[in-house]
Every structure is written in C-alpha cells, then in structure tokens.
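One structure is given here, and the rest of the page talks about it.
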Amino acid sequence: MTAKARKEYDVIIIGGGPAGLSAGIYTSRSRLNSLLIERGVVGGRITDAELVENYPGFAKGVSGAELGQLMQQQAARYGLNTVIAEVTGLELKGKQRVVSTTQGDFNAKAIIIATGSERGKLGIPGEGELTGKGVSYCATCDAPFFKEKPVAVVGGGNAAISEALHLAKFAAKVIVIHRRNQLRATPIMEEKARAEARIEFIWDTVVEKIEGEAVVKRLSLRQVKTDKKSSLDVAGIFIAVGLKPSTDYLKGVLPLDRAGYIITNDRMETKVPGIFAAGDIRQHSPRQAITAAGDGATAAIFAERFLSQ
Ligand SMILES: Cc1cc2nc3c(=O)[nH]c(=O)nc-3n(C[C@H](O)[C@H](O)[C@H](O)COP(=O)(O)OP(=O)(O)OC[C@H]3O[C@@H](n4cnc5c(N)ncnc54)[C@H](O)[C@@H]3O)c2cc1C
C-alpha cells in the first residue's frame with residue numbers, strides 16, 4: 001500500500017534529517033507502521049556538509065550527501081514509508097494526532113517531531129529580490145555557479161566557514177564578512193580557513209544592502225566600530241548567520257521556548273503525551289548529526305513504549 005493511500009499510522013515522524021531518519025530506522029525495525037514526512041531533501045541539513053569528519057563509523061570522513069543517502073537507504077530497508085510534503089499543522093483529536101500537510105492529512109497515535117532548523121536571513125534590501133540570482137543560503141548547492149568569480153560569505157560560525165571552504169574550490173576569492181572581530185567557528189575550522197589562500201576576512205562589518213538588477217553586483221558595507229561605509233564588488237553572497245527553528249506549524253500546540261525551540265525531557269517527551277521531539281529542534285541541542293541521530297533513537301524507543309502502554 002502506498003503511503004498516500006494509507007493514512008493511519010502508529011508513528012508519524014516529521015522531518016527527514018539525521019534525527020527523523022534514525023527514529024525511522026528504530027520504529028520500522030520495531031514493526032511499527034511508520035511514516036516520515038519531509039518537505040525538501042531527505043537527509044536534512046547534513047546533506048549541505050562538504051565533509052563530515054565527526055560521525056562515528058567513517059574513519060576517513062564522509063560527504064554529508066552520502067551520509068544522508070545511507071541513512072535513508074537503511075530506513076527504507078526496514079520499510080519506512082516516506083511522503084514528500086510540507087507539514088502545515090498538528091492537531092490532537094482524542095488519542096489520534098492529525099498531521100496536516102500539503103498532500104492531505106495523516107493520522108497517528110504517536111508523533112516524533114524532527115524538523116530541525118533553517119538558515120536565518122539578514123533582512124536587508126536586495127536579499128529577497130536577488131535570492132537565486134547571486135544570493136544563496138547553500139554553497140554545496142550553488143558554488144559551481146561562481147567559478148573564478150569573487151563571492152562573499154556572511155557569518156562567523158562553523159556553517160559560514162564550512163561554506164567558505166567549499167566555495168574556495170570554485171571562486172576566485174571568498175571574502176568572509178563578520179560583524180565581530182573573531183570567529184565563533186571551532187579552532188580546527190578556523191585553522192583550515194586561514195590556511196586557504198583564496199579566503200580573506202573583513203572584520204567588524206555588516207552588510208547593509210545587496211545591489212544588482214538581474215544579478216548581484218555589489219554589497220554596501222558598514223564598519224560597526226567606525227560607522228565607515230564602503231562597497232564591495234562580488235558576484236554572489238552566501239548567508240550563514242544563525243538558525244531559526246522550524247516550528248511555525250506548532251504554535252499553540254506545544255510549549256516552545258522564547259526562541260521557538262521545543263522543550264523535552266531526557267526521553268524526548270514533550271509536554272503533550274504521545275508527542276516527542278528529536279534533534280536540532282530541541283531546546284539546548286548541541287546541533288550535531290550524531291546528537292540528532294541519538295535523539296531520534298531515544299524518541300523512537302520511548303514512542304514504542306508509549307504505544308505499548
Ligand atoms: C554546512 C553544514 C555543515 C555541517 N557539518 C556538520 C558536521 O560536520 N558534523 C555534524 O555533526 N553536524 C554538522 N552539521 C549540523 C547537522 O547537519 C545538523 O546538526 C543535523 O542535520 C540536525 O539533524 P536534524 O534531523 O535534527 O535536523 P535537520 O537535518 O535540519 O532536518 C530537518 C528536516 O526537517 C524538514 N522540515 C522542516 N520543516 C518541515 C515541515 N514543516 N514539513 C516537513 N519537513 C520539514 C527539513 O526540510 C529537514 O530536511 C552541519 C550543518 C551544515 C548546514
């Protein structure tokens with residue numbers, strides 16, 4: 001039976017990143033009727049990682065795309081159903097939890113929420129208009145469009161440096177623009193970036209405007225300490241400035257913290273019985289693939305116990 005025809009499940013997992021896929025491996029191996037709903041790329045945000053060196057079992061590292069595919073294949077092997085759709089709402093109806101999606105409604109007795117987080121936006125003029133025309137949030141996806149051209153990366157964390165390192169394989173020059181005078185990235189990432197001849201840094205500076213008509217041409221910059229304005233000619237700008245939890249569809253259903261992350265206990269239980277949360281979506285998550293996978297396994301084990309009660 002296809003996932004679309006069958007609309008009643010024991011467990012619905014929302015989000016197909018490392019947390020959701022690990023949960024799916026566990027629930028499917030436990031012979032629970034399980035459905036995973038993913039709106040984009042199955043594999044989640046780790047598929048943007050050029051090389052993952054800290055996921056156990058891969059002594060030489062593994063590309064994020066391959067890691068995501070392997071997790072998906074492993075879950076599919078045990079019969080996890082997958083639907084590509086965006087979840088737009090979650091409603092409690094007695095013992096049933098109804099998940100509304102762009103492909104219709106699906107019911108389950110237990111839900112595991114694993115929708116992670118998405119890239120923050122700068123909210124400056126030109127960003128929306130030029131997205132896809134030089135403004136990007138994913139170097140793995142778009143770097144080949146900028147061969148031998150100058151590009152900027154905005155941000156100072158691991159995600160920004162990972163983007164810069166990937167872009168340095170294609171672009172003529174990668175200028176990292178950071179609003180502070182030191183990076184937040186881990187020392188090993190910083191060392192790699194500083195050793196890369198094509199990467200340069202502009203410190204204590206913010207981007208105020210992205211200019212260009214059909215495509216990105218230049219950035220208006222402001223030095224935050226001196227207020228001095230300048231402009232920088234680039235063909236692209238990659239924005240990696242923090243994360244926003246993907247929990248908009250949960251407002252009013254579950255208690256969220258001030259930033260929008262889900263509060264759970266160490267069994268991954270939320271305040272609502274039968275609803276679990278796993279991975280980067282959880283308050284205080286270390287936001288790593290391995291911790292997300294661990295959360296997914298924990299949520300699945302306690303969801304199974306909940307269903308057998
Ligand atoms: C460039 C980059 C490099 C990284 N490198 C590393 C690394 O080397 N090592 C490491 O451990 N971690 C790394 N990470 C972090 C790692 O990717 C995350 O910690 C991990 O993916 C979190 O897993 P998750 O399942 O909780 O969420 P995610 O991977 O974010 O997956 C959530 C999924 O839910 C989907 N979703 C969201 N909202 C909805 C909705 N309403 N309906 C349906 N689906 C929805 C999303 O499309 C997404 O696929 C990196 C991240 C990035 C961006």
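Whatever order the structure lists them in is the order used to number ligands and atoms, beginning at 1.
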Using distance alone, decide if ligand 1 has a nitrogen or oxygen within less than 3.5 Å of any nitrogen or oxygen in [X].
X	result
D280	yes
E163	no
G15	no

So, 4.0 Å and heavy atoms of H166: is ligand 1 close enough to count as a contact? no
I'd like to know if A85 contacts ligand 1, where contact means a heavy-atom distance under 4.0 Å to any ligand atom. yes
Top protein contact for [atom], by heavy-atom distance:
atom	result
atom 44 (N) of ligand 1	R39 N, 3.1 Å
atom 27 (O) of ligand 1	G116 CA, 3.5 Å
atom 25 (O) of ligand 1	A19 N, 2.9 Å
atom 23 (O) of ligand 1	P18 CD, 3.3 Å
atom 33 (C) of ligand 1	E38 OE1, 3.4 Å
atom 10 (C) of ligand 1	Q288 OE1, 3.2 Å
atom 30 (O) of ligand 1	R45 CG, 3.5 Å
atom 40 (C) of ligand 1	V87 N, 3.8 Å

Of all the atoms in ligand 1, which lie at a distance below 4.0 Å from a heavy atom belonging to [X]?
X	result
A114	32 (C), 33 (C), 34 (O)
G279	26 (O)
G16	33 (C), 34 (O)
R287	15 (C), 19 (O)
A49	3 (C), 4 (C), 5 (N)
V41	49 (O)
N54	7 (C), 8 (O), 9 (N), 10 (C), 11 (O)

For [X], which part has a heavy atom under 4.0 Å from ligand 1: side chain, backbone, both, or neither?
X	value
A292	side chain
S246	side chain
M189	neither

Might you work through the side-chain contact (heavy atoms from CB on, under 4.5 Å) test for R119 and I239, ending with a clear yes or no? CA-CA 8 Å; R119 286 277 167 87; I239 298 168; over 6 Å; no
Given the ring of [Y], does [X] sit roughly above its face, with NZ or CZ under 6.0 Å from the centre of the six-membered ring and within 45° of the axis?
X	Y	result
R29	Y26	no
R194	F201	yes
K149	F170	no

Output yes when a side-chain donor or acceptor of [X] lies under 3.5 Å from a complementary backbone atom of [Y], and no otherwise.
X	Y	result
T47	G44	yes
E163	A139	yes
S231	L219	no
S28	I25	no
T205	W203	yes
S34	L32	yes
D280	G116	no

Note: heavy atom closest to atom 39 (C) of ligand 1, options V42, D295, V52, T115, belongs to T115
Considering L90, I46, L51, which one's heavy-atom position lies nearest to atom 14 (N) of ligand 1? I46
Before accepting this row, confirm whether a basic side-chain N of the pair R198/E148 lies closer than 4.0 Å to the acidic partner's carboxylate O. yes
Only one of I161, L165, V153 passes side-chain contact (heavy atoms from CB on, under 4.5 Å) with I199; say which it is. L165
Name the orientation class of the two ring planes belonging to F106 and Y9 (parallel below 30°, tilted from 30 to 60°, perpendicular beyond 60°). tilted
Would you indicate whether K244, at its atom NZ, is surrounded by more than 12 heavy atoms from other residues, nucleotides or ligands within a distance under 6.0 Å? yes
